[in-house]
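Here is the structure we will look at.
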Amino acid sequence: MKMNVNVAVIGGGPAGLAAALECRKNGIDNILVIERDKQLGGILNQCIHPGFGLHVFGEELTGPEYAQRYIDMLSDTDIKTLTDTMVLSLTPQKVIRAVNTSLGVVEIHSKAVILAMGCRERTRGMLRIPGTRPAGIYTAGTAQRLVNIEGLMPGKNTVILGSGDIGLIMARRMTLEGAKVSGVYEIMPKSGGLKRNIVQCLNDFGIPLHLSKTAVEIHGRERIEGITVAAVDENLSPIKGTEEYVECDTLLLSVGLIPENELSRGAGILIDPKTKGPVCESGFETSVPGIFACGNVYKVYDLVDNVTKDSVLAGRYAAEYIRSKSE
Amino acid sequence: MKNNQFDFAVIGAGVSGAWIAYELSKYTAKTCLIEKENDVAMGATKANSAIIHAGYDPVPGTLMAKLNIRGNELVRKLCKKMDIPFRQIGSLVIALTEEDEAKIRELYERGLQNGVDGLRILNKTETLSLEPNLSPEVRGALFAETAGVCSSFEMSCAPAEVAENNGVELIRNFKVENIRINGEYTVLVSSSGQTVSARTVINAAGVHADEIAKLFGDDSFIITPRKGEYSILDNNCGDLVHHVIFQPPVKFGKGILVSQTVDGNIIVGPTAENIDDKENKATTFEGQLTAFEGARRSVPSVSERDVITSFTGIRPIGGKGDFIIGFSDFNNRLFNVAGIESPGLTAGPAIGEYVVEKIAESGFEFVAKENFDNNRKVIRFKDLSDDEKNKIIAQNPLYGRVICRCETVTEGEIADSVTRGAGARDMDGVKRRVRAGMGRCQGGFCGPRVMEIIARELDIPMSEVTKFGGASRMTEKEMI
């Protein structure tokens with residue numbers, strides 16, 4: 001099957017939705033949003049805690065509430081959506097191949113493309129923490145999905161490595177669901193998480209934050225039984241003799257996010273080795289003309305409100321691009 | 001266990017055991033394949049270099065040499081027939097010193113003696129034009145055309161599946177702890193008290209083969225576990241090398257290699273360290289350092305920064321300088337297949353053939369089955385053309401839903417990996433068969449969805465899903 005659209009937005013999370021809506025507001029029609037999940041909203045759907053929307057809406061919303069505002073706005077427009085649909089490839093000529101259960105492989109020819117695929121979490125494998133490979137080690141976001149969407153508890157006695165925001169949020173979440181969170185270990189001398197999350201998710205629950213400490217070994221054969229942590233020096237190298245054993249049955253990792261740019265690479269888009277996002281000279285346009293990037297695929301943001309603000313601009317520039325091409 | 005009396009009980013569903021079961025499934029004799037873990041391929045089979053060796057390495061005249069050559073031939077034939085991922089990318093043993101140059105000439109001569117086809121000595125220019133990312137110190141290389149890379153997992157899943165489809169009973173989670181004699185049958189007793197009886201017991205228990213032999217009064221060999229650490233790099237580094245890059249063999253094996261994997265990632269390793277604990281599969285800081293320092297001698301630009309996962313394999317070292325294959329001298333109910341170290345993966349299919357040949361020589365009369373079928377087809381969505389994709393989605397819409405985004409694996413493939421013969425029972429089983437969770441996000445996104453599919457296909461609650469059987473539960477039992 002073939003489709004022709006003016007703008008194809010890859011990813012129906014906060015970035016993609018805001019960009020699509022802004023494109024439409026600027027007079028562009030025939031817009032398509034492609035989302036791999038069954039619902040629009042992206043990762044916000046599993047972020048059931050409050051703290052979203054203070055800047056954009058002037059009120060505090062949960063993740064699903066924030067997403068719903070955009071889903072509602074979208075349903076008031078003629079913007080088309082394909083959910084439960086995975087994009088397989090993107091070419092520099094802006095041809096997208098996507099697949100789903102009802103249409104099979106769809107070839108989408110688009111005048112402009114907005115990349116809004118979000119990011120992924122760094123894993124235990126990337127950290128290269130030595131030790132065994134038992135069950136019970138999750139990235140914080142995966143644990144968040146298990147708890148908030150699937151209704152499953154990853155474990156009872158949790159240690160969190162890294163103090164990124166998702167890790168802090170999950171420290172509180174696991175505690176509220178009855179698990180013990182014995183501590184958060186952060187390799188850096190200060191946390192990368194938001195101050196309010198440290199206060200509301202750790203301090204309010206008496207969960208200790210151990211700075212300049214990291215995991216140096218994982219123990220346990222079938223299920224994780226504990227980790228060895230050690231203090232690190234100014235080069236972030238573990239200091240011999242400072243090792244201590246911390247018992248746990250679950251280890252959550254919150255050690256950084258990486259923009260998901262595999263599709264972008266396939267389209268020949270230049271990637272900044274530092275941010276791991278597309279190099280955008282101006283107006284969120286990538287090195288391939290007519291392909292724009294916004295949200296966490298462009299760079300990792302702290303606040304969804306800022307994702308929305310920037311994505312609105314990306315949508316506006318994409319609309320301008322289409323207009324300039326049709327003149 | 002429907003009827004627990006068998007002609008043959010094969011202990012251990014690694015590459016050797018699976019190919020022996022495969023070979024036995026061609027005949028009417030009743031066979032079972034017993035595995036102590038929740039899945040096949042859980043020992044040395046799942047954690048090695050996954051190289052199909054050409055055969056220039058083993059000492060001429062040894063069983064190792066013979067079965068390596070025959071295995072290489074069979075792998076190239078059977079991988080097609082049984083849809084086992086295999087790419088004949090060729091290997092290079094590179095020489096970095098004058099001494100190395102002498103060594104590769106020696107290997108070349110040995111290869112000729114062993115009957116290896118397609119061997120050539122390359123000079124520096126030829127070597128570097130084949131592999132521009134090699135160290136500028138390289139002086140030449142031994143090129144072996146018939147070497148390749150495979151899926152070591154499917155090298156035992158596939159024969160186990162064909163064996164099961166042809167009547168072999170696969171018995172999982174059965175750890176043989178004791179034996180007793182019951183007339184012409186030997187009764188194998190599991191750690192949980194279950195029993196299986198067989199006339200002949202084939203011991204393919206990998207690192208534990210010496211313990212099984214001891215139960216039969218055979219203490220003629222000791223298996224030393226040798227640990228090897230590896231790392232896998234992101235497939236966006238796949239162009240680093242295009243062949244298997246070895247350094248000349250060292251005392252403890254074939255040394256540290258850098259190679260493309262069959263799936264287009266880069267593998268680095270292994271280290272080689274004899275240890276005491278047969279189950280110690282922990283990676284270490286030092287081991288990873290050694291692996292990368294070694295790898296950088298061949299390919300200076302290999303970097304730890306691109307690692308997506310690391311693992312340790314335990315190789316069963318028999319200490320005799322050759323495979324130990326044959327009826328036990330101490331008990332004629334026992335047939336040992338032990339010390340299957342490198343090139344054991346390559347030799348796998350040939351080991352199966354050889355074992356049946358030896359048992360037939362002892363007087364057992366094998367009667368061929370008329371309906372033996374070793375055709376096997378696996379749908380790998382990613383590799384299909386658009387037309388083929390549409391056709392399979394029209395037949396089964398689950399092939400239109402991509403679950404693992406890093407490796408493009410669909411729900412249809414994951415469900416199939418559970419329901420097919422000798423299928424997956426846990427997260428790692430799915431990962432090894434269809435690669436869901438094998439990519440750069442290591443299951444971060446697809447993990448919960450794979451749990452859901454396994455639970456549905458096995459008709460168990462999601463909270464019962466394990467990573468690799470036993471107590472490796474993914475979550476708590478109680479729902480929130």
Side-chain angles (χ1 to χ4, degrees), chain A residues 1 36 84-88 97 99-105 107 117 120-139 141-142 145-156 177-179 216-223 238 249-250 253 258 260 262 265, chain B residues 231-232 236 279-288 304-305 307-312 381-382 386-387 389-391 393-394 397-403 405-406 408 410-411 427 440-445 447-448 451-452 462-463 466-480:
Chain A
M1 188 185 151
R36 71 185 173 95
D84 202 9
T85 304
M86 181 69 91
V87 172
L88 300 173
R97 277 167 64 260
V99 66
N100 67 26
T101 55
S102 53
L103 303 174
V105 180
E107 195 176 285
M117 293 90 75
R120 66 169 177 269
E121 297 174 278
R122 291 185 75 209
T123 66
R124 185 247 167 125
M126 294 185 71
L127 295 181
R128 303 171 67 239
I129 309 168
T132 53
R133 300 199 299 156
I137 304 169
Y138 289 108
T139 57
T142 305
R145 177 175 171 130
L146 285 172
V147 175
N148 292 349
I149 306 275
E150 313 292 349
L152 290 167
M153 272 302 269
K156 284 182 178 146
E177 287 299 339
V216 292
E217 190 171 355
I218 287 170
H219 306 273
R221 273 206 177 141
E222 296 183 304
R223 181 82 194 187
D249 67 12
T250 308
L253 303 176
I258 304 165
E260 279 256 293
E262 279 62 46
R265 279 197 189 89
Chain B
S231 280
I232 301 286
N236 59 34
E279 300 289 331
N280 178 6
K281 295 177 191 163
T283 55
T284 61
F285 178 76
E286 296 76 16
Q288 295 293 308
E304 288 93 333
R305 271 203 305 266
V307 169
I308 61 170
T309 191
S310 305
F311 62 88
T312 292
F381 180 81
K382 193 176 168 180
D386 282 359
D387 281 349
K389 282 182 175 130
N390 285 328
K391 215 169 129 191
I393 295 166
L398 293 185
Y399 285 96
R401 182 174 291 133
V402 176
I403 300 292
R405 63 213 276 192
C406 302
T408 321
T410 64
E411 184 164 358
M427 298 295 284
R440 54 178 66 86
C441 94
Q442 290 284 296
F445 288 111
M451 286 170 69
E452 211 177 308
M462 212 168 140
S463 55
T466 64
K467 188 169 187 292
F468 51 87
S472 69
R473 195 189 284 281
M474 294 294 286
T475 64
E476 289 297 306
K477 211 166 184 175
E478 294 79 29
M479 306 283 288
I480 293 167

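In what follows, every chain begins at residue 1, and chains take the letters A, B, ... in the order their sequences are listed.
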Just by distance, do the side chain of A:D84 and the backbone of B:R401 share a donor-acceptor pair under 3.5 Å?
-> no
What part of A:I137 is in contact with chain B, defined as an atom under 4.5 angstrom from a non-hydrogen atom: side chain, backbone, both or neither?
-> neither
Taking every non-hydrogen atom, the tightest pair across A:A135 and B:S472 | CB-O, 3.3 Å
Heaviest contributor of heavy-atom pairs below 4.5 Å to chain A, chosen from B:K389, B:K391, B:M427, is B:K389
Distance from A:R133 atom CZ to B:T312 atom OG1, nearest 0.5 Å?
-> 8.0 Å
Please step through side chain to side chain contact (heavy atoms under 4.5 Å, CB included) for the pair A:L88 and B:V402, ending with a clear verdict.
-> CA-CA 9 Å; A:L88 300 173; B:V402 176; 4.3 Å; yes
Which atom of B:M474 lies closest to which atom of A:Y138, heavy atoms considered | O-OH, 2.5 Å
Counting heavy-atom pairs under 4.5 Å with chain B, the top scorer among A:R36, A:E150, A:E177, A:M1 is A:R36
Indicate the atoms forming the closest heavy-atom contact of B:I393 with A:T101, along with that distance.
-> CG2-O, 3.5 Å
When the 4.5 angstrom heavy-atom criterion is applied to A:V147 and chain B, the contacting part is both
Find the distance between CG (B:N236) and CZ (A:R265) and round it off to the nearest 0.5 Å.
-> 5.5 Å
Do you know which of A:M153, A:R145, A:M86, A:E121 has the most heavy-atom pairs with chain B at a distance under 4.5 angstrom?
-> A:M153
If you take all heavy atoms of B:F468 and A:R221, which pair is closest and at what distance?
-> CZ-O, 3.3 Å
Applying a strict 4.5 Å limit to non-hydrogen atoms, the region of B:E304 in contact with chain A is both
Can you check whether A:M126 reaches B:Q442 side chain to side chain, under 4.5 Å on heavy atoms?
-> no
A:R223 (side chain) donor-acceptor with B:R473 (main chain) under 3.5 angstrom | yes
Inspect the contact between A:E262 and B:R440 and indicate whether a charged nitrogen and a carboxylate oxygen are less than 4.0 angstrom apart.
-> yes
At what distance, to the nearest 0.5 angstrom, does CZ of A:R120 lie from CZ of B:F445?
-> 8.0 Å
Between B:N390 and A:L103, what is the shortest heavy-atom contact and its length?
-> OD1-O, 4.3 Å
At what distance, to the nearest 0.5 angstrom, does CD1 of B:I308 lie from CZ of A:R128?
-> 13.0 Å
Hey, are the side chains of B:E476 and A:K156 touching, using non-hydrogen atoms and a 4.5 Å cut-off?
-> yes
Taking A:R122, A:R124, A:E260 one by one, which has the highest count of heavy-atom pairs under 4.5 Å against chain B?
-> A:E260
Out of curiosity, A:E217 CD to B:T284 OG1, how far, rounded to the nearest 0.5 Å?
-> 8.5 Å
Is it the backbone or the side chain of B:E279 that comes under 4.5 Å from a heavy atom of chain A, or both, or neither?
-> both
Heavy-atom closest pair, residues A:E222 and B:G469 | OE2-O, 4.3 Å
Check each atom of B:T408 against the heavy atoms of chain A and say whether the ones under 4.5 Å are side chain, backbone, both or neither.
-> side chain
Check each atom of B:M451 against the heavy atoms of chain A and say whether the ones under 4.5 Å are side chain, backbone, both or neither.
-> side chain
Heavy-atom distance under 4.5 Å between the side chains of B:M462 and A:L152, does that happen here?
-> yes
Considering only heavy atoms, which portion of B:F285 lies under 4.5 Å from any heavy atom of chain A: side chain, backbone, both, or neither?
-> both
